[in-house]
Amino acid sequence: MADQPTASERFIQGILPENPVFRQLLGLCPALAVTANMKSAVTMTGAVLFVLFCANVITSLIRDLLKPHLRIVVFTLTIATFVTIADRFLAAYLYQMSKTLGPYIPLIIVNCIIICRCEVCASKQSVFVAGADAIGQSIGFGLAVSAIAAVREILGTGNFFDIPVLPAAWPDWVVMILPPGAFLTFGLLIGLVNWFETVKASSQASEVLTPAESEGS
Amino acid sequence: MTAQGKANFFSQAWLVLVLAICFGGLLAGMQILLGPIIETNKINETLERVPVLVFGAAHATELSQSGMEINPLSVGVEKAGKSVRYNVYETKSDGKLAGWVTKSAGQGYADKIEVLIGFDPRMEKITGLFVLDQKETPGLGNKILEDGWRGQFLDKSTAKPLMPVKGKATASNEIDAITGATISSKAVTDIINTAVADLREPLADKAKGK
Amino acid sequence: MAATQTKTVTNGTFAHGVHPPEHKEFSEDRPIEVMPSPVKVMLPLLQHVGAPSVPVVKAKDAVAAGDMISKGGAFVSAPLHAPIAGKVLKTAVSTLPNARHVQVVPIKADGEQLEGQALFDDVLGGEWSYEGIAQRDPQEITDAIAAAGIVGLGGAAFPTHVKYTRNDEKPVDTVLINGCECEPFLTPDYRVMLEAPRAVVAGSLLVGRAAGAKTIIIGVENNKPRAVEALREAAAGTGIQIAVLKTKYPQGSEKQLITAVLKRATPLGGLPLDVGVAVSNVGTAAAIARAVLRGKPLTHRVVSVTGAGIREPKNLLVPIGISYRELIDFCGGLKPEAARIVSGGPMMGFAFANLDAPITKGTSGITVLTDADVRKAEETACIRCGRCVDACPMGLVPTKIALAARAKDVDLAQRYHIMGCFECGCCTFTCPASIPLVQLVRTGKAQVIASQRQ
Amino acid sequence: MTEQTIDKATLSETPAPVIHVSPSPHLADQSLTTQRIMLDVVIGLIPVVAMALFVFRLYAVKQLAISIVSCLVAEALFAKMRGRELPLKDCSALVTGIILALSLPGPAPWYVGVIASFVAIGIGKAIFGGIGMNIFNPAMVGRAFVMIAFASALAASGYQDVNSSVDAVTQATPLDTFKQTGAVAPLSALFLGLTNGSLGETSALACLIGGIYLCIRRSASWEIPAGVISAALVLGGIANLADMDSGWTVLHHLFGGSLLFGAFFIATDPCSSPLTPRGKFIFGLGVGGFVMLLRLFSGYPAGVMFAVLLMNSLTPLINRWTIPRPLGAQ
């Protein structure tokens, strides 16, 4: 257990280095379905944060009691409970948003981010680490869906959080708020992330190489 | 052997069972707490619209404080041997019948369009139109949501079927079609025409009967 | 006679194929010249398809022209004979243009040689009589062909006696004599048809008799009207048909020729024998006539030295084993703009640089190409225009096979019938993106063979 | 005197030329290059462009200029981003630009052409790995994008500008007029192209002239237009027979809308159509069939774009189905 990451490492990693959407390609269903505007993306992030945090904490608390072959059942049970709570809560206090998000809140149950974090982190590490991991991953998820939603909402409607940010002459790219826009934006952003990664890797590689080369000569 | 097997089963699954019971309790508690709020939300969604469709947006807020009464009814209509049911909301102001609101739906360009239509008590004119649900082309067909376009239906007589026309509407029963979305415009108009044809007589009779 | 002539195919052809520039003008009007006798020849022990031949002479042995140098090593093999009188030297190794390293038996000229017109008359000229051919014993003819070491002179160099050995399971009903010469530039077959049509006809009758074929057809492309005329005259009264075919590359390929003339499809991976046909080149037919009627082995052949890169293009009657350098020098040498020396024609021949290599039985010509002939265009992306599909005479999809070869995907390559390709090069010739398709197909074939060995 | 001998010596001594060795074949059809094929398409498009300029005047000039410039700029930009050599010399971006412009309505705003071009080259082509690797027709990818993004500019109403000084633009497109009011445009106008529509699609005559040139040059495979036209004839014929009263005959179906333009210039894009002649014909049938289905049963008056994109997605499957039987195969 000595090589398990610490709480702060878990937190940091979730945000960018192991970003659930762009690096792990998990939770793509909401990333594509609820990113037509910032409001629903942020609400979705909130729901994910709530469910992930609760599920991680509960799983971590009972981690010593888990039987390996029953762990998925327990994860699913826990997740489903908190998803249902989140869903009811939205229906009660954010009725319009709950209608917009439609089936995607219940679908958090099968969102791989959560089951993945329970499996990878919470079932092995302490409550504190699991909680930090949940927050880190949720922030990462939030950043990713917000990035997609920002592009789609701004290009698609000229608005950001429903506030006009582009001049009225802006021709709305309706395609961006339609499903094809989600796929396009997502694909292009992943490409961008990978490109950054390659550039970073190659610059690091050349840094490593340079002293070796000078030694060689 | 069986006893041992059973014991084994419980030793394996006790955690799942305990969790299931705990979570079940939690959910039941949530439902008791939030259930009524959600129910109200659902009813309000339609009912909030009803006064606007009968009295117009300006009057609706003033009136809602006073003695307004909304009764959901279900009206059956026999049509070509088939029975069609409409959800109709009877609106009363200070005990007097103020108008009717009916939910109606029909095929649009992309998917089903669902609307609420308001009528005066005698079913002679349209007092309002609201689109509840639609999936028309953004930028074209979904202009049926816009107030300006829906406003055209206000005070239209139910005597003659409405007609969407391209360009400028001139006759009293004509509606400006949305440019580039004639099909969506026609779909909404058709929904209204059907609802009028089906409900005009039964509701007018009801109003007289009261 | 009249009945057989009406059956003659005109303008027959196969599906697909390409029209490369013919460029026969360099050498088609040059009568066959007899190469002066060389001081030395080198006879590769393997210059045919099959097993290498086994030497029967030792160094320092004196040999006369026509003496056997080596005997066939197996059924599919061919013996070698000395083209000149001389002394056998020590066995050496040489690299042939097809990049094969082979053992060669060098012979140093010694004594009096047959030269000039006398040699020409001995090989191709003189009188050719068809009398008695129909009464000859077929086995005797085949034996004579085998003893003379005759192989396909069109380029493939497949031992000829193998084709005409009677096989009761697969009887031959038609013998096709191939005078198409579809390779650009090359003209040796054309000159043989013009200058020794009776030798060709005699050889055709002999192989027809040997194989027991009912029909003998000589196929010639319609860009050689004079050859057709000469053959018609020589074949008059023999029952041999002359089929005039549309000029198209690769008309001279066995399978394509059979389709063009007989409308028969040789099974994929099969031989002409499977459809009751035996095919031989016109040059081979002439050599057979010489072997059977005059009892002389295959020691000389006609070679074109041609192309824009050679000073004086010529058709030469040369002894087998003479070096490429001597031929090029005899034709005035290379022009400065020469860029590529090809053994054979430009479509299927081998580019090589070792000019000291010897001419073999299968060498039909030396084509010297210039920079202008050789495309230097850079390879660009395949835009799937499908021109290679239109060009492939086998009905394959070259671009897909090439793609599979690049990806080393043996299964995909086989799904597209990679082994059906006979590497005619039509696809590469036609490809607008300059993709080396046939070259990739060759790598793909090697991959397939390697995977089958495992 | 010395000079001469030197000359002679060099002559006999020099087999000086550098001799290359490479595998056969050593000849290539030098007249045939990718660039030449693309130029052929441009030549084939000349009658269509001329007709568009004649009918739509400045509208056509504007759209052509915008699309061509944007496509070339996009091609250069994306090539640079991918670290490739400037690929403009293969002319494929030029072809994409012209076809894109010709598939747009004249009055479409300037940004439509610009965005369509960048999407066409970027998402339609560069992302797949550049020319030859794209599975969809780039011009149609660009057009589909703007069609959904700017629905109002590219829907039937986007073609019409009542106050325009150019005659054609003041009318509604023939297909739309028929769909809305049942009025049928005269066949001669459809054939010559004096009606409104996408810039390149109006003149059946120009499309036929350019298309036949392409087919003769074999820069477009005749099997594809043959497939499109036969499918259109059969389905249009059935529709015609089913509704004899409608003035919209099978010939109207053939000459109206972008059917011929699509058949000859869009569906024949080699990269995104099948390889074998049989596959090409099936592809053509599919395009023609989808066009007619979309025309007869959908809200879109013309469906060439969607038909081509749909069939593009089926191209790998068609290629798989139509592996030709080699000579002599069982």
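Computed from a prediction, not measured in an experiment: that's the story for all the values here. These numbers come from the heavy atoms of this one structure, side chains and all, not from hydrogens, waters or symmetry mates. Lettering follows sequence order; numbering is per chain, from 1.
- A donor-acceptor contact closer than 3.5 angstrom links the side chains of K125(D) and S92(D).
- Interface summary for chain D: among M347(C), E423(C), H16(C), H19(C), the most heavy-atom pairs under 4.5 angstrom belong to M347(C).
- Comparing I383(C), L268(C), V438(C) by heavy-atom pairs within less than 4.5 Å of chain D, the highest count is held by I383(C).
- F136(D) and F128(D) have perpendicular rings, their planes meeting at more than 60° on a 0 to 90° scale where under 30° would count as parallel.
- Geometrically, K248(C) engages F14(C) in a cation-pi contact defined by less than 6.0 Å to the ring centre and at most 45° from the axis.
- Between T367(C) and T306(C), the side chains place no donor N or O within less than 3.5 Å of an acceptor N or O (distance only, hydrogens not considered).
- In this structure, chain C has heavy atoms under 4.5 Å from both the backbone and the side chain of S219(D).
- Heavy-atom pairs under 4.5 Å with chain D peak, among M394(C), K255(C), K400(C), R264(C), at M394(C).
- Using a distance-only test at 3.5 Å, with no hydrogens or angles considered, no donor-acceptor pair links the side chain of D29(D) to the main chain of P432(C).
- There is no side-chain donor-acceptor pair under 3.5 Å between R387(C) and T399(C).
- No part of P97(C) comes within reach of chain D, as not one of its non-hydrogen atoms sits under 4.5 angstrom from that chain.
- Heavy atoms closer than 4.5 Å to chain D are found in the side chain of D390(C), but not in its backbone.
- Between N354(C) and Y324(C), the side chains place no donor N or O within less than 3.5 Å of an acceptor N or O (distance only, hydrogens not considered).
- Both the backbone and the side chain of R415(C) come within contact range of chain D, judged by heavy atoms closer than 4.5 Å.
- Ranked by heavy-atom pairs under 4.5 Å with chain D, the first of A15(C), A265(C), A351(C) is A351(C).
- With a 4.5 Å cut-off on non-hydrogen atoms, C382(C) touches chain D through its backbone but not through its side chain.
- Heavy atoms closer than 4.5 Å to chain C are found in both the backbone and the side chain of I131(D).
- Using a 4.5 Å cut-off between heavy atoms, L369(C) touches chain D through its side chain atoms alone.
- Per-residue counts of heavy-atom pairs under 4.5 Å with chain D were compared for I341(C), D274(C), L396(C); the largest is that of I341(C).
- Proximity to chain D (any heavy atom under 4.5 Å) is restricted, for T380(C), to the side chain, taken from C-beta onward.
- With no hydrogens or angles considered, no side-chain donor-acceptor pair links R36(D) and S31(D) at under 3.5 Å.
- Each of Q256(C), Q439(C), M348(C) has some count of heavy-atom pairs under 4.5 Å with chain D, and the biggest count is that of Q439(C).
- Checking S323(C) against E326(C) by side-chain atom types alone, a donor-acceptor pair falls below 3.5 Å.
- Of the two parts of D269(D), neither the backbone nor the side chain holds a non-hydrogen atom closer than 4.5 Å to a non-hydrogen atom of chain C.
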